[in-house]
Structure formats: C-alpha cells, structure tokens
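First up is the structure itself, then whatever we jot down about it.
Just so it is clear: chains get the letters A, B, ... in the order the sequence lines come, proteins before strands, and each one is counted from 1. Excluded from the calculations below are hydrogen atoms, water molecules and symmetry mates; all remaining heavy atoms, backbone and side chain alike, are included.
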Amino acid sequence: ETTLTLYTSQPPEQAQSTVDAFEAAHPDIKIEWTRNGTSALMNVIRAEIEAEQIQPDLLLVADNINLGELKAGGHLMAYPEAPVEGYDAATYDPDMSYFGTKAITTGIAYNPEIAEPVESWAELLTEENRGQIAVPSPLYSGAALNHLHALINAEGIGWDFYQGLNDLDIVPEGGNGPATKAVASGMAKYAILVDANALRAKADGSPIDFIAPKDGVSFITEPVAIMSTTEHPDAAKLFVDFLLSEEGQKLVAEQGNLPIMPGVAGPEGFPELADMKLLGYDADTAVSTDAETRAKFSDIFGL
Amino acid sequence: MARIEIENLDKSFGQTQVLREVSLSIEAGEFVSVLGPSGCGKTTLLRCLAGFEHIDGGRIEVGGQVVSTPERHLPPERRGIGVVFQNYALWPHMTVAKNVAYGLKIAGVPRSERETRVARVLDLVELGALAQRRPADLSGGQRQRVALARCLAMESRVVLLDEPLANLDVHLRSALEEEFAAFHARSGATMFYITHDQAEALALADRVAVMDRGRIIQFDRPEALFRQPASETVAGFIGEGRVIEAEDIRPLGDGHASASLLGQPVRLRCAPGQRGQDRGRISVHPGDLQLLSDDLQPGIEAHVTRATYRGAYLRAELAAGPSASVPLSINVAAPSSLDRGQRVRIALRDGWVIPDPVTPTTQP
Amino acid sequence: MARIEIENLDKSFGQTQVLREVSLSIEAGEFVSVLGPSGCGKTTLLRCLAGFEHIDGGRIEVGGQVVSTPERHLPPERRGIGVVFQNYALWPHMTVAKNVAYGLKIAGVPRSERETRVARVLDLVELGALAQRRPADLSGGQRQRVALARCLAMESRVVLLDEPLANLDVHLRSALEEEFAAFHARSGATMFYITHDQAEALALADRVAVMDRGRIIQFDRPEALFRQPASETVAGFIGEGRVIEAEDIRPLGDGHASASLLGQPVRLRCAPGQRGQDRGRISVHPGDLQLLSDDLQPGIEAHVTRATYRGAYLRAELAAGPSASVPLSINVAAPSSLDRGQRVRIALRDGWVIPDPVTPTTQP
Amino acid sequence: MELAMNRSGRPLRALRHLTRAGDEHAVVALLVLFVGLLSVAPLARLGYAALMPDGSFNGARITELLGGRRVIEATLNTVWISISATALATVIGTAAALLAGLSDMRSRTAWVFGFVLPLMIPPQVTALAWVQAFSPASPLLGALDLSLPPGTRHPLYSAGGIVFLLGLYNAPLVFLSVRASLHRLPAPLIEAARSAGAGALPVTRDIVLPLIRGGIFAGAALAFVSSIGNFGIQAMLGIPARVPTLITLIYQQLNSYGPSALNDMALLALLLAVLTLSGMALTAWLGRRGDQRVNSAARPPRLSLGRWRMPVTLLAWGYLALCLVLPLTALLGTALVRGYGQPLSAETLTFENFANALFHHPGIRDAFLTSLWLTLAAVAVLVPISVALGYILSWRRGRIARALMIASELAYALPGIIIGVAMILFFLRPLPFIGTGLYGTIWVILAAYLSNFLALALRPILGGYAQMDRALDEAAQLTGAGLLTRLRDIVLPSLAPAAMASGVLVFMTAINEIQVSVLLVSSRAQTIGPMIIFLEEAGSSTLAAAVGCLMVALILVLMLASLLFRRRLPPGVLPWQD
Ligand SMILES: Nc1ncnc2c1ncn2[C@@H]1O[C@H](COP(=O)(O)OP(=O)(O)OP(=O)(O)O)[C@@H](O)[C@H]1O
Ligand SMILES: Nc1ncnc2c1ncn2[C@@H]1O[C@H](COP(=O)(O)OP(=O)(O)OP(=O)(O)O)[C@@H](O)[C@H]1O
Ligand SMILES: [Mg+2]
Ligand SMILES: [Mg+2]
C-alpha cells in the first residue's frame, strides 16, 4: 500500500469526496491530504522549499500562475503521457507539468434589488457606480490576480479597465468572500466574482446573480500537478489520470463546478462553457512579468 | 468647635460584631486616648469616625453635624478629619516632601506657603534631610514619621491617630509625644489617639477610653483609671495591675476600707458607696508593694518566680499565698538582686477595692 | 552549636553606606538584642544575617559555616534561620493556621504532629479562635502574633526577630516576652532580637548591641549598658539617661570618684582606669535623682518644665543650672503633684563618669 | 533543640537540601531552554531567511527593499496608527477598569462581562459590522435619519477609522491588565488621600493612576502589539482608504510570486518586529520608573460617583451597546438566514446553519475540540512558565534575566503569520533524538501558540510582581522551601488575579486564533479559527457566522460557569467579578 500526500485548496467537503472517490477506485493507494487556501498553501510550500523538505506528492490548487512559479523553480514533474485527449490545449501546460481539472470563471455579480444586469466589463464604468463595485485584490487573491493577467492581455479591455475603476474611486480589496458579502448585503451594486460563489449564494437565497460578460470571462482551472520530489510517481500519475477521466469530471459537476471535458454536463444553473468567451494568457510569461504587473497595479490604485 | 458625639455605635463585619453600642462624648479640643488589647476594635472605631466604614447602628456627630448614621454617610473627604494610619499608608510613588504636601495642594494652599509648611513639619520630625527620598527607601520608623508629618501639616480640627508611635524608639517617641502635646495646645484640635501603650495614653490624654471586645468599659481621666479602675478588666489592664482577692472588706467611711489579704490586715481605698463584703477583688500595682528587708515586721510570704532587669529597677514576679496561687509583681530598686525561688516578705502599701459590677457594660 | 560570628561587615545601598564594619560575636544559644534609633541599620543587619542581602565586605559565619562573604552567599533557605518580619509578611491567601503550618509541612513534619504543634503555638499567642481567618480580616496586632506563631512553630536553631512586639499591648507583650524567654530556655536557640524598646531589650537579652548610624557602639550585658555606658550616645539612649557636665572629677580609687555638679559635691561611679579631669560628662538616670522635701539639705536648684502622668509615678522634666540650661528628668512617686514652673531642689544619688572616647568606634 | 532537629529526620533533610541546591539553577535552565527552543531558535531561523536569502548577506537588497517609497510610507503609517490606537485603547481600557474596580457604578458584573466579550469576536466581523452600520445603505443610520448621501466616502475608510476600531477592539486587553493591578491596590493609600480632603477625581488622578501605572503600561504594550499586527482591521479599512501599513504589505508579499517572496516577506517582518519591540521597550520603561510596591492584604475600596452615578452608568452601557451589540447582531443576523444578505424576517429565519454547525459537520466539531484542547494546553503551560519567568525577571537581576526578558518578548512582537512561517522553517526537519518531525501535527501549532503568546501571558504577571511584597517570598524561603515549592504555594496564589488575567488573555486570544494556525493546520490538525475563514472563503458566510455565534455563546457560558466557583477562588481572580 502506498500513501500519497496531497495539498489542495478545494473546500473541505469537496476535497474529502475527491479523495474518497479516488481511494474507492484504487484501494491500494491511501491519500493523506491537507486543505488550505491557495496562498497559504503556497507559503507553506515555499517554506518547505526554503527548508528543503518538500512534503506533498501532489498538488491540486487554484491557478496556473502558482504552478507556473513552481514549474519555473523545477519543482514539478512532467507527465507527458497524461490522458489529455479531447481537452482544450489552453487547459493544460504545454510542457505537461500541470493539468486543469475544471473551469472556475470570473464574471460580474450584481444585486438584482439595486442594480441592473450589464453586458460587458466596460458598462460597469459609469458614474452611478462610483464606489459601488466590489473588486477582489490581485495583491491578496489568486483568482483576482489570474483575472488581472487575463484582462490586461485581452484585446479591448486591458489596463484601461482598471484605470477606469480607479477613476470611480474603487479600490480592489480582499478576496472573493468579502466581495460576495458586499453585493449580497447591498453595500455594492456589482462585484467582480467567481461563478461558484455567486451561484451558490443565489441558490441559498441571497439577492445576487451572475453574468458572464460578452467580451469574455477569465477562468482558472484548478490544475493538478506532481511534485518532482515524489517517491511514488506511479501512484501519483494514477491520481492525475483519475481526475482527467470521465468519472473524475462527473465528480466535478456533482461538486458544483464546471467540468472541462467536453460532453460532461455542468451543474444546474451554470452557464454553458461553450457559450462563454474564455480569456486565456500564457502562464510562463505571466510568472516572469508578475512583479511588473503588480507594481503597475499598485501604482494605478495608489497602494 | 469640633465636638465628637458617638451614640450607640454598632458595627459588624459579616457575622462578627466588632463594635457594640459604643457611646463616647468628646469635648471640642479634648485629647482622648483609646486604649485596649489587640483586636478589640480600636482601629474599627477610628475608621467609622473617619468615614471609611459605614455603620450598622447608632450615630456619629462631629462639630454638631451628623456625619454617620446607618442611612446617611458623609464621605471621608468632606469630614475635614486628619488620620495617621497604623500601617503608614504612604504613597509610594511620591517623595517624602510630596507625600506631606499633597493634602495642602488639594486644599489649595499656595505653593510658597506650602513649601514652608512642609519644610517646617519635616524638620519637626527630623526628616528634613530625607525630603526627596521615596518611602520604599526609608526604614520603618522613618516611614512612621512621614505619616505623622503628613497629618501634622494638614492642621485639621479633628485628628485621628492610629498607634502613631508604635515603631519609634523611646527618644523620638518622647520627642513626638511632646510635639503632639504642643500641637494640641497650639491648634486646639480635637485629638483621638489610639494606642496600646498605656504610658503614652496616660501621659498624653485628657481622658482615656478603655476598650475591650468592642465595648468601651471605662472612659475617665488617667489618674482615675489608674487609681480607681471601675472593673477588673480595667484594673488588670492599666499600670500592670494585678487583681487579687481580699477578705473581710470593711469601709471606714473616709474613702478607705480595712481588709485582710492573705491573713495580713491591710488598708485600702474604696468607692464612697462601697458596702462591707466578706470577699472582694482588689487592684494592686507593682508600686503598691514593698519588699520587707527586716524579718520582724509582719508581711506576706512569697517566693520569686521570675526576675527581669529593667534598667532602673528589677521587676520580680512573685507567688504568694498558701498554695503559691496568688501572683504578684513588684519593682525593686536596681542595685540589688533577686533570684528565682528566693523567699521574700512583702507589705501592701496601697490598693483599691474594685466596685461590684452593677452596670452590665462591664460584662464583655 | 549555632555560634554567630560577624566580622567587619559592610553593606551599602547605592551611595548610602548602611552598615560600617560591624563585628559581633554571638555565643551559641545566646539571646542578643539589637537596640538603636530608627534608621540605624538594624533591619539591614538582620537581612544580611538571614541571607536576603548580599554583603559588600567582611564575613558572616553561622554555626562554624561561612554563610556570607562578598564572593560566597548561601541562600536563605539553606541557612536554617527563622525570621519574624517587621511588616509581618503573612501569606494573604492562607488562613492563620495554614500560615503557621506551612514551614512544618515543607520540613516534612507528619500531619498529626503538625496539627498539634500549630494548635499549641496558636494558643500560645491567643489566636486559637482565629485559626481559620485570613490575614486580611485580622487587626494589626493579631497579624503580628500570627507572624510570631509562624516563626515559633519552626523551632529553628537561630531565630531573628525584627521588632516582634511593636504592635502589641502591654499584656500580650509581657506574656510573649515570657514566652520568648521560655522558648529560648527550652530550645537553646540563638536569638537575635531587634527592638527599639529598651525595656524589652534589657529584660530579655543576655547581651545587648547598641547600634547607631550603621555601627555597633557598645555590646555588653544589660546592667553594664545601663550603669556603665561606654559613650555619650549609649548613655543618652539607655534608660532615659541624660548626659550632663560635671567638674573637678577626682577618682577615689575604689571605682568611685568625687566631682562637683552645678556647684554641689557629688559622688559618682567611674571606670577603674579613670583619670582625674577638670571637666567631664556624666550619665544620670531619672531614678538617680531625688526630690528634696526639706529646704535645709543642700541640693541643686531647678524648675519644672513639664510634668506628665505615668500611672505609678509622675515624670517631671526639669531645667537646672544657672541659666536653666541643664535638662534633667526625675520620677516622683504618684500621689503627689508637680506643676509647670514650680521650683524644686534635687540631690544626685548616683551617676557614672563616661570614659574618654579613646576608641574610634564611639565616633559616629 | 536536638529534639526539634531529629524529629524531622537528619538524612531526609540532607537529601532534600541536595535537591534544593540546584533548584533555582534548574528552573533558570529550564526557562532558558523553553524560551530558546520556542522563541529564539525559530525566529533566528526566520532572521537567517530574511538577511541571508542564499546563504550570503546582501546589503544592497535590504536597503533597496526597505528604502522603497511604499515601505517608508507604510512604516510611518504603521507607527502613528498603532500609537494612536494604543492611546485610545489605553484610555478606554483604563477608564473601564476604574469604573468596574473602583466606582460604585450600577450592575458592574454584567457590564464587565459585556466589556471583555468583544475580544472573542474576530476582528473582521467587528470591522464589517461597523462598516455596514455606517455605510450609506445602513439600516441603522437610516433609522436615525442620518444616512450619508450615496457616493460619499465611507467615514471609517480612513486612517482615523482604523485607529478608532483598533482602539475599541484592543481596549479589553488594557482592561484586563489594569484590573489585575487595581486589585492589589491597598485601601489605606486611598483612604489616606481621602482624609487629606481629596475627592474621587483627585484620588484617582494623584494616587490610583500613578500606583497602577505598571498595569496600565503593560496593557498598553499588549494593545500596541495587537494593533500593529492586526491584519483584519488594517486591511479592511486601510486598503479602501489607500492607507498602506506594514502588515498589509507583508500579506501582499506573502501572496506574490517569485523565488525571493519568502525572504522579502521575512525582511519586512523583521522591520515590523523592530518597531514592535521598540514600542514594548518604551512602554516597559515608562511603566517601570519609580516604585509601586505596595503591601498586601488589600480590600478594594470603592469611590462613590455621587450624582454622576446614573449618567456614567448610562454612558458605560451605551458604549457596550455600540461595541458588543453592533457586531453581535450583525453576526447573529447573518447566522439566522440561509443566504447572506437576505433580510431577516419570519420567512427567511432558519436555524439550519446552527444545526449544520452543531450536527452535520464533524469537521467543525473536531476543529473546535482541537482548538479548545490547544488553548487549554497553552494556558496550562504558559501561566506557570510565566510565573516562574516573572520571578526571575522581577527579582533576580543579571544578564540571564535580561536576556530572557528580551527573548520572551521577541515572539510576541511578530504577527502570527510570521510565527507560522518561522515554525515551519524550524520544525520541518525531524527533531534530533525523537526522529520524527512535529510538522503537520498538532504539536507544531501548540509550539507556535506557546511561542507567540508567551509575552502576552507574561505581561500581567510582571505587573503583579511589581506590586507584590517580596517579604512574602522571603518568609517562605526561610522555611527551607525550594523555588518551585514557593512558586506553587506562595507566589502563584498571591499573584492569582494577575495569573488569571494572563490565563484569560491567552485563552481569549488563542481560542479563535487564525494567523498562526492558518499555515500550520493540516487534515490531521484543524483549528476553529482557520475553519471559519475557509467556510467564509468557500462562500458559506452564514454557516461561518453560526459557528462564530456558537463560539461567543460558549465563552459566555464558560464565563458564567466560572462564577459558580467564585467562592472557592481567591478574591479578585475572575475579571468579571467584584
Ligand atoms: N533599599 C534601600 N535603598 C536605599 N536605602 C535603604 C534601603 N533600605 C534601607 N535603606 C536605608 O538604610 C538605613 C537603615 O535602614 P533599616 O531598615 O536597616 O533601619 P532600622 O534600623 O531597621 O530602622 P527602623 O527601626 O526604623 O526599622 C535607613 O536610613 C534606610 O533609609
Ligand atoms: N474586614 C474584616 N472582616 C472581618 N473581621 C475583621 C475585619 N477587620 C477587622 N476585623 C476584626 O475586627 C476586630 C477589631 O479589629 P481592629 O482592627 O479594629 O482591632 P484593633 O483594636 O485596632 O487591634 P490592634 O491593636 O491589633 O490593631 C478584630 O477581631 C479583627 O479580627
Ligand atoms: Mg488597630
Ligand atoms: Mg527596621
């Protein structure tokens, strides 16, 4: 029996069900898992790297940039034989070091009691919305950073959008949680938010709804990766295989996220992946320009 | 101007009744000492007067104003009463000079006057040189003196003192005793002076209140307390008095009585209304006894149980009577020696027949 | 077995030198009192002995073991010395009984024996009834007694007491004085007893050390201190002594000398080696003076400056001499009266010629 | 005398002497080991990471990083915001302690309950409640007809707002510390002043305040450290207000990418630590000057408020209403609906969240039990250690004592998240002798708590020592009792109020702890603070609020239950009891 260590940023119940499903399929492999926020996990891993004692065999965390950083540091193992047939090439690393498992899109959430739905990002930038848009900060939230990289690389949006936010006296702050609260409580009309947060709150009865703007949504894929230091590469590969299998993708839908294997249906109430314009970017470039991007962002908002 | 009137004062702490029906009437400007064994309630009485304790029964008037009843309670800061505390209660964060000056500052005395007054008072207690020290750096006696100075500086119309001289050596003590007397004479303040040292109480006070177990058992002039104690307790408490039994007490009419003590005829003082009695208790002080050097004179046989050196004299504890059951004390002039067990003969020169306990207050 | 040897002890607090070259040699089982004015360093000396203060110079030996030198310091818990503190230092969270029992518990005394010993000691200090109280609910004197009981219960071979009776009334005081004497006799412990009350010191101690400003100025038997003070300071300190000037001192050879005091011829005691002097200082106690009732006898003229009642006698302060510049004190038997300003004639019955200050230790 | 000696047994006594001989040295050695292992070593490891990123010292990197415009600006903001917030917390906390401990204000016990309770509410919740209450859409302001016109900048989104909320939030820390001091203040000192004619005000100003100065400054130090490292409030108000502070910069650094992120973060953390230590040193210096020793046997006196009694009582309760009821109702309002932002009404009211929290999520229950266990263990270790440490620090001068003092404050001076990183760095490798690492187990969280809260536990206890009469210990020393025995039998009971204050501080701070544990939790060791954050992040705000409510309720129940034992406790031990 082999034991694998998994670091994941999935919510606890999701993580548990993923692990349970995998262990059911492979009774000879046990998974020890640690669940934490992406940034906390990354800090832990960086500390482990600093101390040269890397614990996990597998990572299943929110976004590409983090894994891009680890890849650049040589901490990820390539898995060229991974079963990626049928997957959009944008969802996995060209060097086969990490593989997206789902799509979590970032779009616009609004409070239907005080605001009207909009069609595009630019429509948010009107005088009536001064101080009324909740924006998670790329300086704190991984999803928001991903969103920033996606928007500034998108044609027709770019830095101007952020400039416009600043002109409306809006300062990005915190993560998706506070932004959800701000809209649901009516303190803000709109928020830039990930789909799952908005739709789950809506399902719970909060006054909130989600829009995927026509000019595109950014997305994160919650990629899975194998650490180069693993002592059980074969068992680890089985885990990757499992997540990319149809069974694994159905599990994603059950857990309330959009699967990315074509043909696997998403959960109730979610927009179809195919109907949305996805804004991607090159993760390796993003890692190398990250410092500049943050600096520019801070300058715009005077942080 | 500051008469103190205490009526039927009761005070308990939880279940323990500490003061029982205490009544005292103190004239304006009088110097009253309160004398009593440890734990009898002296400090508690003082605290009630000062306003630190609420009372459970009775009333206290100061200078014609009712300051304490069970319902009404004037806070201490509005009573204008000065207090010297038993444990000094110096403010550790202030220098000696500041401790003394504080009350004056609160009273609004201008700085220059304050400074002269503080300097004068500190000189008085011989602490001028230590004015800038903190209480923590003083010896016990020095702290006591600061506490004293602090109260003297205030020149209140009523001053309460709780064993102010307890930790001082004899010299300073007699100097300060004199200072109290002078202060009293000069200021005309009413002084209420708690002590367990009777020499102090007798020397200083116009009148002395003797307390026992929460009651005042006698309130009288010093001489009266010493020579005419009203009860056995007072007799036993004042002047190292001994209470012994005499027989066949017969009043002679002129304030004297004849009696028989351990078989010897003696002449005693007694109250005017004293009745003849077959047995009675009499009060005897060490000075009333005389050692007989000469074997022929009739005297009481006794033997020495302990002799201690007291400087000017030798104090001998004696056991007299048939079964050596009557303890007596005697002072013998110094350049002489008495040994334990030595047999002596003594004569009684004076004594006081303790009146029958008619008033219930003499019962504890 | 527990000799105490103090040699050239020096101790300073910051800039202030508090003990200067103190040397004392105390026999095993001896009862030594330390007497001195407030602030002279008594408590500090005791703290050095107990091991609470590190010393700056000299050495202390207890029972043949060096316990303190500037380099070496045996911690207090390993000296086996008992202390009664000046400020009681009772443990506020323990009942009276627990306070007393604690040391026994630490020493591993079994419970039943502990309980009897505690009960016995508490009865001794008359606190049996308050055994379950906490220190905060006791009067000052009661706290003092608990501190005493706590130390007595330990029965240490060396016991240091810092003014253990300061807050007690005369009765308890003499009872406890007796108890100290008995305890001392019974246990043979070496006792080191600090007090400012000379009556106590003289009555209890085998020898008395008189301290002044950080020095020991005389260490001798009580009688010697009283009758043959080595210096003016001691003379002035012990037994309400007065130091006055006499003229024309002529030794007579038999331990006496003739002299002239305020024009009157007097006979004095003096040291064997006393030389003849034109002027000298002599020590006089109140008891050495006698009031002359009869105008014919030759005597010293004086007038009364203050008379206070002391119970057994009247204490009169007199001013004698040509310009009323010589202060004297005299005790007059009680049933008599003296008024301020009254003129009296007195005779000197005894006195001691203070030896010349040859040794530098008598200089402060 | 022979008798007396022999009865207790000579050989036995000799043996006991032997064990006692090394007693004090053993205690000192133990303390040095404790502080060294839990405080100095992990932080030294962090310092190494900060200053020697690749094993070599690079001065240019340090000046470049610390000399940047944003770092300097953040440093200045941090300094003045923390100082002002400390001042505010000190004033409020001291006033509250005086009211509760010295005045005859009505219903003090209930009030004190309410005053310490906000410590239990996570700062983010408090901050959010205030922000909502004063936002343009606020139902509160609306009801009072004070609504701000839409589009105006939120009044709390400003440096002043940060100071205000930090001040309110930290006032209970000062309160606990001051109250412990106040309880050792002997009545005669106050009575002496009153008989000198001083009324309540001058007595408080001239006698009480100077005498409890040690407690006040100890509390101020706590408030300072807690303010300077409070991420929740500084971020929630500071970022919209564009007031950068060091702690927000550190979090930004933590979230950025690149190989040097950890090292840069460590460097900023060191800067913050230097500021914090200077603040603590300053308060310690201010608090130590002069002598505040007082003798024991205190009966706390009460000063009458006279005709101010009613107004003061009202004012005090009004304050509570703001500080307690506001966040609590927000928390409860959220917990009682299914979806965040739903208005609370008969239709939306549901107890589903509570049921979920209590019965359907074993993870929550486990996390709570783990937190409770860890917290109690931390209290049980830290209070005795602090009492022993306080003894050495207060009554034994010398180099070791001074070094211990500095070392023990070190860890508290750092924000929790940094401690977390330091602990990972230090405990990751298998420990010598044991063979396995503590990392990933509950023990590393305990180690982090012990390290982070040592100074917190120590502060009130040092205040207690400053007021304790040393003769109490000396008297026990004479009985032959060794240091440990004396600490247990004499010192600890005399210090009981201070020790309890320190225990309560540690308990209150640790039970909800987030910043330290968030990096150290694993599926094997999960604590409740991060659990609430995870729920929040995953969008289950209402469930998180329910857990928060349950925590507050639990603490309230514990506090009430403690009252049942008050008769058996020494007076003054429970901060919420007279
Ligand atoms: N910690 C200290 N720092 C500075 N000076 C001190 C300290 N302790 C005592 N002193 C000084 O040392 C001197 C001796 O003090 P000590 O307490 O020994 O006197 P004492 O003889 O016991 O007096 P008392 O009879 O009044 O108790 C005093 O002048 C006192 O002011
Ligand atoms: N707070 C209290 N609670 C209970 N009993 C108390 C309290 N304060 C004092 N007592 C008791 O009241 C009695 C009187 O105490 P008080 O202090 O008045 O005595 P005292 O006459 O001043 O004695 P001393 O000469 O020893 O100072 C004592 O028996 C004492 O134990
Ligand atoms: Mg008293
Ligand atoms: Mg002393």
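Heavy atoms closer than 4.5 Å to chain B are found nowhere in C:E317, neither backbone nor side chain. Using a 4.5 Å cut-off between heavy atoms, C:A307 does not touch chain B at all. Heavy-atom distances place both the backbone and the side chain of B:E223 under 4.5 Å from chain C. Contacts between C:R221 and chain B at a heavy-atom distance below 4.5 Å are absent for every atom of the residue. Of the two parts of B:R145, only the side chain, counted from C-beta on, holds a non-hydrogen atom closer than 4.5 Å to a non-hydrogen atom of chain C. For B:T16, the part lying under 4.5 angstrom from a heavy atom of chain C is the side chain only.
Partners of C:D288 under the side chain to side chain donor-acceptor pair (under 3.5 Å) rule, at least two apart in sequence or in another chain, do not exist in this structure. Not counting sequence neighbours, the partners of C:F52 by the ring pair (Phe, Tyr, Trp, His ring centres under 6.0 Å) test are C:F85.
Atoms OG and CG, from B:S38 and C:L127 in turn, are 8.0 Å apart once rounded to the nearest 0.5 Å. Atom-to-atom distance recorded for C:H196:NE2 and B:L165:CG is 9.0 Å, nearest 0.5 angstrom. Rounding to the nearest 0.5 Å places CG of C:N331 at 9.5 Å from OH of B:Y313.
Here the closest heavy-atom approach between residue B:R306 and residue C:E178 is recorded as NH1-CG, 3.1 Å. Heavy-atom minimum distance, B:L202 versus C:R310: CD1-C, 4.2 Å.
The number of heavy atoms from other shown groups lying within 6.0 Å of CZ (B:R349) is above 12.
Counting heavy-atom pairs closer than 4.5 Å to chain B, the top-ranked of the candidates C:A203, C:G287, C:A181 is C:A203.
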